[in-house]
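A note on names: the letters A, B, ... follow the listed sequences, proteins ahead of strands, and every chain is numbered from 1.
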There are 2 protein chains.
Amino acid sequence: MVILVSREGERPGLRERKKQETRIALSWAAIRLAVERGLENVRVEDIAAEARVAPRTFNNYFSSKGEAIAARHLDRARLIAEELRRRPASEPLWEAIKIAVVTQLAMGEEYDAGQPDQQWQTGVRLMISEPSLQGEMLKANAIAEDELAAAIAERTGTDVARDLYPRLVAGAAGAAIRVAMDQWLRADPPVPVRPLIEDALDRLAAGLPEP
Amino acid sequence: MVILVSREGERPGLRERKKQETRIALSWAAIRLAVERGLENVRVEDIAAEARVAPRTFNNYFSSKGEAIAARHLDRARLIAEELRRRPASEPLWEAIKIAVVTQLAMGEEYDAGQPDQQWQTGVRLMISEPSLQGEMLKANAIAEDELAAAIAERTGTDVARDLYPRLVAGAAGAAIRVAMDQWLRADPPVPVRPLIEDALDRLAAGLPEP
DNA sequence: CGCAAAGATGCGTGAGACGTAAATTTGCGC
DNA sequence: GCGCAAATTTACGTCTCACGCATCTTTGCG
């Protein structure tokens, strides 16, 4: 995956900031170009050019076009775990998860009430439509799910390594989010995402009773 | 993915049978070699040689080494949906799912009571350990999950395209299976899988209450 | 027994992933 | 400010791949 290790407690020096900017620039460039001309008509070289870096540099950040494209989604998905950690401990777990997910979705929200930002949506649609990118999206989801599991373990005082519980909840929540998202993207007269997400998570918490 | 379309209602002529055999031979060869010398030291050429086919033929079956390795797991995972369809309609859904999963796991069972067959286990371990294969395993799981969703929709009279329900259940069940499996593979004094799977699925059906 | 279709091969090409070493830039202490 | 050591970016070269296309073989069937 990433070669340039961004050690955690790194203070935001010019160096780190620039690295992050390059990473994001490469990622958006990859998405933009892939949407414009189709993934197969985009060479790594093009992406690098678009981001004003040397071709070889692309591979210092990502090990494939797919990874670059999924990076934006990954960063976004990670925020869910981060947000969950911020929720007060008094909140019931499922409630906290629901809020964390919805909050994260609302992040880049624009004019259109309740609709996540356009660019991210474009990226997700791209990943869903191009078969060769589906694997990358799944990988991103898996990574985000791991972080979510860690956050859940922390919050519930369970152990990610020993207990099934945190990973089970994270996995189920991840599945719910994926399904809701998918439904949302397919919806032909467009519908708001939030209700879908909430419905999916509520059903999970209810033990998935037959409808 | 696969180029050679195996049309469904195909009767098992010599042709089809041989194709299937080649596919499986390539897949096992890939796994065996990867386990023996490490994935990076296995060239497509080697796998083809091991399966007694021309190098070019490998790519007629799989589009990458990873796909070949995941194929065995995929075929196995698909059986769950197939088994679910065989369960009597009178059985409660979760019960049926549990049985379908356990039955499938028991398939290649050997001497050691309750432990799935060695080769498959080896393959799964390989996919978990090699980062570059994790994506392939996730893809396989996703495909199997789709089929499971279809089977669930059929059984519950819901619609995969319109209702969240079938995909939600399939996704949650898939997550439960993954988590249980993972726990099982990590367990240091080895433990039987079945209880883990059943525990995970039971918790799902119970709404994942905090422990 | 013979033909049409399906599959297996061979060959050639365009890309990609990545090791390595040289060139550049940044962070910092003096 | 200045200069050096560490972190990054680049340039190059190499090794595999994935896959299109043309051709040779094998299989299924009348």
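Put simply, the side chain of A:Arg155 gets close to the backbone of A:Arg87: a donor and an acceptor are under 3.5 Å apart.
Side chain of B:Val53, nearest nucleotide from C:dT9, C:dA17, D:dT16: C:dT9. Here the side chain of A:Thr22 is nearest to one of D:dC17, C:dG16, D:dT9, namely D:dT9. In the set D:dT16, D:dA18, D:dA11, the nucleotide with an atom closest to the side chain of B:Arg43 is D:dT16. For B:Lys19, taking side-chain heavy atoms from C-beta onward, the closest of the listed nucleotides C:dA8, C:dG7, D:dT9 is C:dG7.
Taking 4.0 angstrom as the limit, A:Tyr61 places none of its side-chain polar atoms (N or O) nearer than this to OP1 or OP2 of D:dT8. Dashed line: the shortest gap from a side-chain N or O of A:Thr57 to OP1 or OP2 of D:dT10 is under 4.0 Å. Between B:Asn60 and C:dG7 there is no side-chain N or O to OP1 or OP2 distance below 4.0 Å.
Rounding to whole angstrom units, CZ of residue B:Arg52 and P of C:dT9 are separated by 13 Å. In this entry the distance linking CZ of B:Phe62 with P of D:dT16 reads 22 Å, nearest Å. Spacing between atom NZ of A:Lys18 and atom C1' of C:dG27 amounts to 14 Å, rounded to whole angstrom units. Atom CZ of B:Arg23 and atom P of C:dA8 are 12 Å apart (whole Å). Protein atom CZ of A:Arg17 is 8 Å distant from nucleotide atom P of C:dG27, rounded to whole Å. Atom CD in A:Glu45 sits about 12 Å away from atom C1' in C:dG14, given to the nearest Å. Per the geometry, CD belonging to A:Gln20 stands 14 Å off C1' belonging to D:dT8, to the nearest Å. Taking atom CG of residue B:Asp46 and atom C1' of nucleotide D:dC17, one finds them 13 Å apart after rounding to whole Å.
For the pair B:Glu83 and B:Arg86, the salt-bridge criterion is met [side-chain N within less than 4.0 Å of a carboxylate O]. A salt bridge does not link A:Lys139 to B:Glu136: none of the charged side-chain nitrogens sits closer than 4.0 Å to a carboxylate oxygen. Ion pairing of A:Arg167 with A:Asp146 is absent here, as no side-chain N (NZ or NE/NH1/NH2) approaches a carboxylate O to less than 4.0 Å.
Heavy-atom nearest nucleotides on DNA chain C were determined for B:Pro55 and for A:Lys65, and the one closer to the 5' end corresponds to B:Pro55.
With hydrogens and angles left out, the side chain of A:Arg56 and the base of D:dG13 share no donor-acceptor pair within 3.5 Å.
In this structure, a donor-acceptor pair under 3.5 Å is absent between the side chains of B:Arg72 and B:Gln119.
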